[in-house]
Amino acid sequence: IMRPIDTSSATHYRVGRQTKSSLESVRLCVEGDCDGRRDGFLDIFNGTTKQWVPICDDRFTERNAQVVCQQLGYNTINTFHGRNKRTEMFPNALIRIRSWPDPIQCDGTETRLDECALRMNGQIYNHSYECAWNGDFVYISCGDLNLENENQEYWGGIRFSIPNFEHMDVYQRVHNANNPEHAHTHPMVHSSSHTTVLPSVMEWVEIVGAGILHDDKSPAILSFHETPKLRGVTIRNSAYDGLSIVSATDGFDMLYN
């Protein structure tokens, strides 16, 4: 009878498969130091060739990096990824690598890198995604939570926007804002030519632990089509950018921050 081997009870047989654990299938290294690091250049273990393979994918995403940190047992909030040279590499350092992984695309919900889907637009028939010894390699840092209390949770942040930007700004570029016929359907347009809209003001406020909105990273302060005046505003322990301004319509006043 020929049937698949039960690997849970047949690993002592010569034909039984032996695989790396989840913590050993990816690692982060700096100049040969790969022991329990939470930051470093990414290596992936190839279970077929039994080799650690460096990664140089120039389209490696933040979602991919988050999955790596998750797989290594670290927090995924303050994750950084980039690409840089590996000083331990030399011209013949990679010639023994026999197989390179195909590019992958994670969505951030996976627990292991090998659960991520292949990036279909990155596949080229009969192409090997090899790294040059003097090229740029993927670097990942798995940061820790920066909240003051481990029982706290990040919150979204503060948003500034005009009441109805389509009526108030965009529409008047196409139509005559002073035409009374537009008043009943676009009151904000008609009134905008007669009413002075004062900017929002935030003064002497401390924003702590913002940056996560609907389970995704978001600025602590986001201004969309608005130019608020910020005075004496302090942002700290944020999970993402402190301030983001989108389509500002005027000069931005920010003092004593």
| Cationic N near anionic O, under 4.0 Å, Asp39 to Arg37 |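 Counted as a salt bridge, because a side-chain N and a carboxylate O are separated by less than 4.0 Å.
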| query | How would you list all residue pairs meeting salt bridge (charged side-chain N to carboxylate O under 4.0 Å, His left out) that involve residues 237-246, not counting sequence neighbours? | reply | none
| Criterion side chain to side chain donor-acceptor pair (under 3.5 Å) on Tyr240 and Asp216, from CA distance to verdict | CA-CA 10 Å; Tyr240 196 55; Asp216 207 350; over 6 Å; no
Between the main-chain N or O of [Y] and the side-chain N or O of [X], is there a donor-acceptor pair closer than 3.5 Å?
X: Glu110; Y: Gly108; answer: yes
X: Lys85; Y: Asn134; answer: yes
X: Asn75; Y: Cys142; answer: no
X: Asn46; Y: Val53; answer: no
X: Ser247; Y: Phe224; answer: no

Kindly compute the distance separating [atom1] ([X]) from [atom2] ([Y]), expressed to the nearest 0.5 Å.
X: Phe137; Y: Leu42; atom1: CZ; atom2: CG; value: 11.5 Å
X: Cys69; Y: Asp144; atom1: SG; atom2: CG; value: 11.0 Å
X: Leu28; Y: Asp33; atom1: CG; atom2: CG; value: 10.5 Å
X: Cys106; Y: Arg119; atom1: SG; atom2: CZ; value: 10.5 Å
X: Arg159; Y: Ser244; atom1: CZ; atom2: OG; value: 8.5 Å
X: Gln66; Y: Asn78; atom1: CD; atom2: CG; value: 10.0 Å

Between [Y] and [X], is there a side-chain heavy-atom distance shorter than 4.5 Å?
X: Asn84; Y: Phe41; value: yes
X: Lys217; Y: Ile212; value: yes
X: Asn237; Y: Glu148; value: yes
X: Trp133; Y: Ile95; value: no
X: Asp136; Y: Asp58; value: no
X: Val138; Y: Asn64; value: no
X: Gln71; Y: Glu115; value: no
X: Asp107; Y: Arg63; value: no

Are more than 12 heavy atoms from other residues, nucleotides or ligands located less than 6.0 Å from atom [atom1] of [X]?
X: Glu153; atom1: CD; value: no
X: Asp35; atom1: CG; value: no
X: Asn149; atom1: CG; value: yes

| message | Can a side-chain donor-acceptor contact be found between Glu31 and Thr87 if the only test is distance below 3.5 angstrom? | response | yes
| said: Side chains of Thr49 and Arg96 only: does a donor on one sit below 3.5 Å from an acceptor on the other? | reply: no
State, to 0.1 Å, how close [X] and [Y] come at their nearest heavy-atom pair, and which atoms those are.
X: Ile207; Y: Ala220; answer: CG2-CB, 4.3 Å
X: Arg83; Y: Cys56; answer: NH2-O, 3.2 Å
X: Ser223; Y: Pro228; answer: OG-CD, 3.2 Å
X: Leu145; Y: Tyr154; answer: CD2-CE1, 3.6 Å
X: Pro54; Y: Arg86; answer: CB-NH1, 3.5 Å
X: Gly242; Y: Ile235; answer: O-CD1, 3.2 Å

| task | Quick one: do Glu62 and Phe80 satisfy side chain to side chain contact (heavy atoms under 4.5 Å, CB included)? Show the steps, please. | result | CA-CA 7 Å; Glu62 182 180 9; Phe80 167 82; over 6 Å; no
| said: Is there a side chain to side chain contact (heavy atoms under 4.5 Å, CB included) between Glu206 and Val208? Walk through the geometry before answering. | reply: CA-CA 6 Å; Glu206 184 177 24; Val208 181; 3.8 Å; yes
| said: Against Trp100, only a single residue in Ile55, Ile44, Leu94 fulfils side-chain contact (heavy atoms from CB on, under 4.5 Å); can you say which? | reply: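 By the side-chain contact (heavy atoms from CB on, under 4.5 Å) criterion, Trp100 pairs with just one of Ile55, Ile44, Leu94: Leu94.
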